[in-house]
Amino acid sequence: MTSTVEQQTRESDASIGVRVLFFGAARETVGHDEVALTLRAPANAASAFEEILSTYPQLRQRFGRSLLFAVNQEYARGEAEVRAGDELAIFPPVSGGADETDAGKRKERDAETRGRGDAEKDFFELTTEPIDVGAVARRVVPPRCGATVTLDGYVREWTRGRRTLYLIYEAYPPMALSEMQRLGREAQASFEIAHIGIVHRTGRLEIGETSVVICVSAPHRRAAFEACEWAIRELKRSVPIWKKEFYEDGEVWVEGEGAPKELLNY
């Protein structure tokens, strides 16, 4: 006959405790920023994801198969192991989209190892304060370069015929910074550039205020233009930052045209 202590030990060994974070519209759907859950063990990303959706079926009803999943601040494939004490996160696609061609190009870039610029001077930041675009741009002007390209993304007043009053940007800060750094490494590997810097603002932004600045310096302007355009496209498809638009007649979370296929594994 199994003792009560032995039975409790086996039950404990067959489960793990994790933290689950929710962001953007997923947070509003479940009504929580963070919860503590007990999952069946052994667990991987796919099984953990399914258990969370079973616990919060409204997520599946609201988002279908478009949700993204992270384990310890990294996008997780289905077979990735989940351990006791891990930090899990569930969130909608970020405020941009991508097609299959972009996904294929990303895989090619991941395989490259051609570092060219002085990446130690690159910078990637989140801030709740107004962004000084000129000051950010001057941080990537080395003597050997002949061009700096700066993208200044700011809040527009009209979107598809609806008047925007203001925006709220929300981020998963540690993962957002990690993803920005990954973009910097890929940019250095893929383009003939010297430096890249990205600063993104979060919180409430009024019409005309800068939300994101991307600056790229290079010996020749073509590479700087190409890297800057690539960086904003990649940022809007993989960096966990979400945008909520507030209109005269309502509000809505702006989601991408679907999660990148290589990040959907469930």
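Here, residue 1 is the first one in the sequence, and each next residue gets the next number. This structure is a prediction, so every number in the text was calculated from the model and none was measured.
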### Query
Is there side-chain contact between E245 and K243, with heavy atoms separated by less than 4.5 Å?
yes
### Query
Do T127 and T202 pass the side-chain contact (heavy atoms from CB on, under 4.5 Å) test, and can you show the C-alpha distance, the side-chain angles, and the key distance before you say yes or no?
CA-CA 6 Å; T127 181; T202 59; over 6 Å; no
### Query
With a 4.5 Å heavy-atom cut-off, do V199 and V212 have their side chains touching?
no
### Query
Is there side-chain contact between Y75 and M175, with at least one heavy-atom pair below 4.5 Å?
yes
### Task
Keeping the roles fixed (side chain from N72, backbone from D86), state whether a donor-acceptor pair exists under 3.5 Å.
no
### Task
Starting at CG of D152, measure out to OG1 of T210 and round the result to the nearest 0.5 Å.
3.5 Å
#### Entry: Donor-acceptor under 3.5 Å (S47 side chain, N44 main chain)
yes
Please output the side-chain donor-acceptor pairs of residues 129-142 that fall under 3.5 Å, not counting sequence neighbours, one pair per line with the distance.
| unit_1 | atom_1 | unit_2 | atom_2 | d |
| --- | --- | --- | --- | --- |
| D132 | OD1 | G134 | N | 3.2 |
| D132 | OD1 | A135 | N | 3.1 |
| R139 | NH1 | E125 | OE1 | 3.4 |
| R139 | NH1 | E125 | OE2 | 3.4 |
| R139 | NH2 | E125 | OE2 | 2.7 |

### Query
Going by side-chain heavy atoms closer than 4.5 Å, which hydrophobic residues are tied to Y166, directly or by a chain of links?
L165, I168, F246
### Task
Just do the side chain to side chain donor-acceptor pair (under 3.5 Å) check on T164 and E157 with the steps written out, would you?
CA-CA 5 Å; T164 300; E157 185 174 7; over 6 Å; no
#### Entry: Reported SG-to-CG distance for the pair C228 and L151, which is rounded to 0.5 angstrom
5.0 Å
### Query
Would you find a donor on one side and an acceptor on the other, under 3.5 Å apart, between the side chain of S178 and the backbone of P174?
no
### Query
Can you get from I207 to Y154 by hopping between Ile, Leu, Val, Met, Phe, Trp and Tyr side chains that sit under 4.5 Å apart?
no
### Task
Give a yes or no on whether the backbone of G153 and the side-chain of S211 come within a donor-acceptor separation of less than 3.5 Å.
yes
### Query
Do the side chains of T29 and F63 get nearer than 4.5 Å, heavy atoms only?
yes
### Task
Report yes if some heavy atom in the side chain of H32 is under 4.5 Å from a heavy atom in the side chain of R27; otherwise report no.
no
#### Entry: Test item: T38 and I16 side chains (from C-beta on) under 4.5 Å apart, heavy atoms
no
### Task
Measure the shortest side-chain to side-chain distance between V35 and Y56 over non-hydrogen atoms and say whether it is less than 4.5 angstrom.
yes
### Task
State plainly whether one hydrophobic cluster holds both W253 and L21, where clusters connect Ile, Leu, Val, Met, Phe, Trp and Tyr through side-chain heavy atoms under 4.5 angstrom apart.
yes
### Query
Can you check whether E186's main-chain N or O pairs, donor with acceptor, with S190's side chain at less than 3.5 Å?
yes
### Summary
In terms of heavy-atom contacts, E34 and R19 come closest through OE2-NE, 2.9 Å
### Message
Using the rule side chain to side chain contact (heavy atoms under 4.5 Å, CB included), only one of D33, V30, L37 pairs with V20; which is it?
### Response
L37
### Query
A147 and H220: which non-hydrogen atoms are nearest, and at how many Å?
CB-C, 4.4 Å
### Query
Where do V239 and L183 land on the side-chain contact (heavy atoms from CB on, under 4.5 Å) test, with the steps shown first?
CA-CA 9 Å; V239 177; L183 294 186; 3.9 Å; yes
### Task
Please test K244 against E170 for salt bridge (charged side-chain N to carboxylate O under 4.0 Å, His left out), starting from the C-alpha separation and ending with a verdict.
CA-CA 8 Å; K244 190 172 189 179; E170 177 180 324; over 6 Å; no
#### Entry: Contact summary for I193 and A218, nearest pair of heavy atoms
CA-CB, 3.9 Å
### Message
Taking side-chain contact (heavy atoms from CB on, under 4.5 Å) as the definition, give me every residue that meets it alongside A48, ordered by chain and number, with sequence neighbours left out.
### Response
L39, F69, V82, L88
### Task
Any chance you could measure F124, atom CZ, to R182, atom CZ, to the nearest 0.5 Å?
11.0 Å
### Message
Using 0.5 Å steps for rounding, measure from the SG atom of C215 to the CG atom of D122.
### Response
11.5 Å
### Closest contact, heavy atoms only, P240 versus V94
CA-CG1, 3.4 Å
### Message
Running the 4.5 Å side-chain criterion over Ile, Leu, Val, Met, Phe, Trp and Tyr, what cluster does F225 land in, apart from itself?
### Response
V149
### Query
Between the main-chain N or O of R162 and the side-chain N or O of E248, is there a donor-acceptor pair closer than 3.5 Å?
no
### Task
Could you note down all residue pairs passing ring pair (Phe, Tyr, Trp, His ring centres under 6.0 Å) where residues 167-189 supplies at least one of them, sequence neighbours left out?
F23-Y172, Y169-H200
### Summary
Between P92 and L67 the two heavy atoms that sit nearest each other are N-CD2, 3.9 Å
### Task
Could you walk me through whether E192 and R222 pass the side-chain contact (heavy atoms from CB on, under 4.5 Å) test, one step at a time?
CA-CA 9 Å; E192 295 281 358; R222 181 174 180 177; over 6 Å; no
### Summary
Between the OG atom in S217 and the NZ atom in K121, the distance rounded to the nearest 0.5 Å is 10.0 Å
### Query
More than 12 heavy atoms of other residues, nucleotides or ligands under 6.0 Å from CD of E74: is that the case?
no
### Task
Using a strict cut-off of less than 4.0 Å between a Lys/Arg side-chain nitrogen and an Asp/Glu carboxylate oxygen, indicate whether R83 and E81 qualify as a salt bridge.
yes
#### Entry: Nearest atoms (heavy-atom pairs only) where I196 meets G184
CG2-CA, 4.0 Å
### Message
R156: which residues meet the side-chain contact (heavy atoms from CB on, under 4.5 Å) condition with it, sequence neighbours left out?
### Response
T159
### Task
Applying side-chain contact (heavy atoms from CB on, under 4.5 Å), run through L59 and F22 and close with a yes or a no.
CA-CA 11 Å; L59 286 172; F22 302 96; 4.0 Å; yes
### From L126 atom CG to L177 atom CG, the distance as rounded to the nearest 0.5 Å
4.5 Å
### Task
Verify, without hydrogens or angle tests, whether E229 (side chain) and E226 (backbone) share a donor-acceptor contact under 3.5 angstrom.
no
### Flag side-chain contact, heavy atom, 4.5 Å: E206 against R204
yes
